[in-house]
Amino acid sequence: MSSRAAATARIVQQNSIIVLIALLVALAGLIEVIRPGAVNANWVSNILEFAAPLGILAAGQTLVVITGGIDLSVANVATAAAYIMASQAPFGVTRGIVAGLLVGVVVGLVNGVGVAVFRVQPLIMTLAMGLVVTGTLNVYSQAAVRSVPGVPAVIHTLGSGTVLEYVPVSLFLWAVLAAVLIIGLRGTGFGRLLYALGDNQEATRLAGVRGWQVLLTNYMACGLLSAVAGIVLAGTVNAADLSLANILLLPSVAAVVIGGTSIFGGSGSYSGTAVGALILTVLNSVLTLLDVPDAVKQVLYGAIIVLLAAAYTRVLGRD
Amino acid sequence: MATAAAAAPRTSGIRFGRAARRYGWTIAVYALFAVLMVVTLIIKPDYGAFEWNTLTLAALPLAFAATAQTIVVLSGGIDLSVGPLMALANVLALRAMLGHDLGYSLIVALIVLLEVTLAGALNGAIIVLTRVPDIVITLATSFIWAGLALLVLAKPTPGVPFDFQNLAQGSTLSAWIPNALLLLLVIPLVWIPLRRSRAGLAIYAVGSDRNAAFRSGVNLGLSRVLAYAVGGFFAACGGLALSMTTGVGSPLAGTYYTLSGVSAIVLGGVSLAGGRGGMLGPVAAAYILSLIPAVLIYLGIDPNYGQMIQGVLIVIVVMIGGLGVVLRRA
């Protein structure tokens with residue numbers, strides 16, 4: 001590598017968030033070129049509204065990926081949480097929300113026990129739990145619920161309401177969660193333990209850390225965040241069907257990877273993931289503007305994620 | 001295990017112990033399948049050739065999906081695009097076969113096998129060239145293959161030629177040896193020569209210890225691409241099996257097979273860490289996973305429980321497996 005390239009790599013490495021934001025701006029510019037006048041306050045508001053559920057879902061994913069794991073049940077948990085929230089809401093909105101969040105905590109607990117105590121590979125544990133969650137939800141929907149439940153007004157406002165015309169309500173929730181995550185990961189012992197576990201589990205154990213407790217808590221946090229994301233998403237699309245969040249599984253992993261968190265664990269940040277979620281949402285908006293059929297959209301989406309991940313790995317020289 | 005080894009003569013005892021360690025899980029999987037079959041016979045005393053045929057038909061695509069995943073996992077990777085690759089093969093075959101005779105269909109099948117093998121190889125090549133982890137690339141390419149499948153065929157369409165369907169649906173030899181069971185022979189026909197070859201050994205080597213393999217002069221990139229290509233080949237077999245067993249080209253059939261394929265290999269005793277496992281276990285696991293929904297129906301339970309029970313079964317199996325590792329370490 002020439003010295004200039006090395007210097008560029010170093011700058012990118014140290015300021016990856018700036019590069020990501022530049023990419024985001026470039027994509028927005030592309031939209032403006034394709035359709036002048038499309039990028040306005042309304043568009044920004046829409047992007048933020050649709051990025052919020054993905055950003056929250058990817059938050060849980062970030063926590064797990066930092067420890068060197070992966071959670072493939074986040075989308076199933078989000079769907080189940082939203083559905084159960086909506087079906088329990090007629091008995092009281094609070095009861096509905098608590099029931100929905102409980103789904104996330106319980107599934108996270110089981111995931112955590114499997115990964116942290118029984119040492120099951122996260123991929124398998126969460127994949128299987130995803131099957132269990134979806135299967136259970138299907139049974140539940142047939143046995144307990146007669147019709148597709150509606151979304152309560154509060155949740156609808158949370159997911160798609162705006163303040164001052166343009167600021168989505170869900171942005172406030174997302175911002176609070178993001179602040180907690182960013183500060184928590186950097187500034188708390190728990191956050192640093194997550195990086196330590198992802199970097200070298202054996203060394204962490206030798207340092208006297210009860211790693212299993214940290215991992216268990218972490219998977220529960222991921223489950224809880226997934227449930228929150230599902231409930232917000234139900235509000236955004238104003239529906240809670242049996243496949244609500246399932247399309248967000250790949251984007252949740254992609255947002256983490258694009259955001260610069262190593263899939264092998266030990267490094268990364270939530271700020272990167274949040275920008276990653278915004279990039280993916282804008283990308284979706286570009287593809288929608290181009291008016292391509294869904295199938296082509298899917299192909300392009302996959303191809304772009306491959307390219308972004310490849311470019312990122314190339315520049316940072318990670319493998 | 002220990003008592004059995006002690007009872008046998010000393011030399012064969014050692015050999016038995018080693019064999020038990022090596023094949024123990026596979027034997028257990030076949031035992032589990034046998035137990036499940038006995039349970040099925042108790043629940044449904046008139047279980048006959050027809051039901052057995054139905055089971056082999058249901059298990060055929062899944063067995064291929066599991067095989068495709070196994071070869072990739074043995075090389076130390078994971079392919080989350082197996083299902084969409086199957087769907088792609090399935091719809092490509094339908095588009096080309098529609099309204100043609102058996103001879104033409106078979107040529108189409110060969111071309112589809114070639115195309116999807118190349119798609120698999122492309123998965124591998126992208127992973128090797130970009131150095132992005134397998135899971136990220138195959139998750140992304142799963143979107144590409146699924147999108148292509150939707151482009152080839154927008155919605156589920158029947159029309160696979162009947163002669164082609166009969167390749168799997170009939171029972172040419174005897175009622176208890178359905179064609180769908182015989183088609184599984186494709187797996188050993190490809191797998192045994194591969195495993196005995198240098199290339200096959202290299203795949204195991206790369207999967208078990210990449211550094212050691214590299215220092216032994218194994219071409220890492222080539223071996224991994226080969227594993228993904230063979231994975232693509234088996235995924236294509238799975239897609240064609242779907243065409244034969246359902247008679248329908250269905251662009252969305254994939255998702256189920258990615259998940260269940262991974263489930264089958266875990267149940268079948270293939271280590272997700274790579275380098276350890278064979279084909280016998282995953283195929284039996286595919287039969288077990290296909291038998292469960294049938295048993296539920298015989299029991300009169302809502303088949304919706306099937307997915308849940310499958311998941312719970314896998315969770316229990318992997319936890320027991322994990323517990324073994326934890327206890328051995330302690």
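Chain A is the first sequence line, chain B the second, and so forth, proteins listed ahead of strands; every chain is numbered from 1. Quick note: numbers below take in every heavy atom, side chains included, and nothing from hydrogens, waters or symmetry partners.
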If I compare all heavy atoms of A:A303 with all of B:I144, which pair ends up nearest, and what's the gap? N-CD1, 3.5 Å
Full working for side-chain contact (heavy atoms from CB on, under 4.5 Å) between A:V306 and B:V132: CA-CA 8 Å; A:V306 168; B:V132 178; over 6 Å; no
Verify the neighbour count for atom OH of B:Y305: are there more than 12 heavy atoms of other residues, nucleotides or ligands below 6.0 Å? no
CD1 of B:I137 to CD1 of A:I305: how many Å apart, nearest 0.5 Å? 10.0 Å
Which of residues 279-287 of chain A get closer than 4.5 angstrom to chain B, counting heavy atoms alone? none
Under 4.5 Å from a heavy atom of chain A, the part of B:I309 involved: neither
In this structure, CG of A:L123 is separated from CD1 of B:I135 (nearest 0.5 Å) by 4.5 Å
Minimum heavy-atom distance A:I263-B:P133, with the two atoms named: CG2-CG, 2.9 Å
Where does A:A254 contact chain B at under 4.5 Å (heavy atoms): side chain, backbone, both or neither? neither
Where along residues 259-270 of chain B does a heavy atom come under 4.5 Å of chain A, listed by residue number? B:L259, B:V262, B:S263, B:V266
Indicate the atoms forming the closest heavy-atom contact of B:V315 with A:A128, along with that distance. CG2-CB, 3.7 Å
Suppose we screen for ring pair (Phe, Tyr, Trp, His ring centres under 6.0 Å). Which residues come up paired with B:F33, at least two apart in sequence or across chains? B:Y287
What's the spacing between A:L307 CG and B:I126 CD1 if we round to 0.5 Å? 9.0 Å
Should B:F143 and A:L250 count as side-chain neighbours, where that means a heavy-atom distance under 4.5 Å? yes
To the nearest 0.5 angstrom, please state how far the CG atom of B:L139 sits from the CG atom of A:L249. 6.0 Å
Is B:V136 in contact with chain A via its backbone, its side chain, both, or neither, using a 4.5 Å heavy-atom distance? side chain
For the atom pair CG (A:L137) and CE (B:M308), what is the distance rounded to the nearest 0.5 Å? 11.5 Å
Nearest 0.5 Å please: distance from the CZ atom of A:F118 over to the CD1 atom of B:I320. 9.0 Å
Residue B:F214 excluded, over 12 heavy atoms near CZ under 6.0 Å: no
Which members of residues 288-298 of chain A, sorted by number, sit under 4.5 angstrom from chain B on a heavy-atom basis? A:A295, A:V296, A:Q298
Where do B:T130 and A:A310 come nearest, in terms of heavy atoms and distance? CG2-CB, 3.5 Å
Heavy-atom check, side chain of A:V120 versus side chain of B:M319, under 4.5 Å: yes
Counting only non-hydrogen atoms closer than 4.5 Å, does B:L313 touch chain A with its backbone (N, CA, C, O), its side chain (CB onward), both, or neither? neither
Closest-packed option against chain B by number of heavy-atom pairs under 4.5 Å, given A:I124, A:I70, A:V257: A:I124
In terms of heavy-atom proximity below 4.5 Å to chain A, should B:A273 be classed as side chain, backbone, both, or neither? both
